[in-house]
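Data block below; observations after.
Everything quoted here is computed from the prediction, not taken from an experiment.
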Amino acid sequence: LAGDLTAQNFVATGTTDSSSTTTGSIHTAGGLGVAKKSFFGAEMEVAAPANTGLVVQGSYDNNANPKFSFQKSNGTYASRTAITSGHVTGQIKFSGYDGDSWHTNADIYVVTSGTIADGRVAGDMVFRVAPDSAAGAAEAFRLASDKTATFSGVVSVDDTTDSSSTTTGSIHTAGGL
């Protein structure tokens, strides 16, 4: 099929997996515009030239903002059910290729905590990094749902400001230290 295609509904019945921009059931040599919500199955990969990538852009005349949203439920798309404590609701993963395979060198994810109830889903935000001496990422920092920050390593402040009161210096607090 060549040229422009205008249709109310377009269904591609091919089941060929895509491994590049020129393979798969649907491919285009130009851009692809989608004016409404799109659904992607198991995985979506963006192959981009150097220093480019996925952009979420919005232009508004008020205080609205573009967003990248992760949503998690149990059940199916047609019949959702509540999640439980300990479920990861979203993750951003950073990986590097070692010449043989991809390895996670850092990630950020949110895991539910506490009691899940109507109108209430608490979550902890977890930051993990892979040290030079290990093959996988390990937890480095957790911001818990009660706003407690837990560091799994040394906290270093690279500032030499002298302190002359409880509100000056490199570290200060409104409570005890």
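- By the 4.5 Å heavy-atom criterion applied to side chains, R128 and Y109 are counted as neighbours.
- Both V110 and F127 are members of a single hydrophobic cluster when ILVMFWY side chains are connected at heavy-atom separations under 4.5 Å.
- In terms of heavy atoms, S85 sits closest to S113 at OG-CA, 3.4 Å.
- In the hydrophobic clustering of this structure, I92 does not group with V126; members are Ile, Leu, Val, Met, Phe, Trp, Tyr whose side-chain heavy atoms approach within less than 4.5 Å, directly or through other members.
- Taking both residues in full, the closest heavy atoms of T148 and D146 are given as OG1-OD1, 2.8 Å, listed atom of the first, atom of the second, then distance.
- Scanning both residues, F141 and A149, for their nearest heavy atoms gives CE1-CB, 3.6 Å.
- Smallest separation of non-hydrogen atoms from F70 and T89: CB-O, 3.3 Å.
- No more than 12 heavy-atom neighbours from other residues, nucleotides or ligands sit within 6.0 angstrom of CZ on F68.
- N62 CG: more than 12 foreign heavy atoms inside a 6.0 Å radius.
- In this structure, CG in N63 is found 11.5 Å from OH in Y60, a value given to the nearest 0.5 Å.
- Using a 4.5 Å heavy-atom threshold, the side chains of T84 and T112 count as separate.
- Using a 4.5 Å cut-off between side-chain heavy atoms of Ile, Leu, Val, Met, Phe, Trp and Tyr, with links allowed through other members, I108 and L143 fall into the same hydrophobic cluster.
- Atom NZ of K93 has 12 or fewer neighbouring heavy atoms from other residues, nucleotides or ligands inside a 6.0 Å radius.
- Across H87 and N74, no two heavy atoms sit closer than the pair CE1-OD1, 3.0 Å.
- Residue V155 is grouped with residue M125 when hydrophobic side chains (ILVMFWY) are merged at heavy-atom distances under 4.5 angstrom, including chains of intermediate members.
- Nearest heavy atom pair, residue S73 against residue T81, reads CB-O, 3.7 Å.
- In this structure, D124 contributes its side chain and V111 its backbone to no donor-acceptor pair below 3.5 Å.
- Side-chain contact between T115 and R120 is present, with at least one heavy-atom pair separated by less than 4.5 Å.
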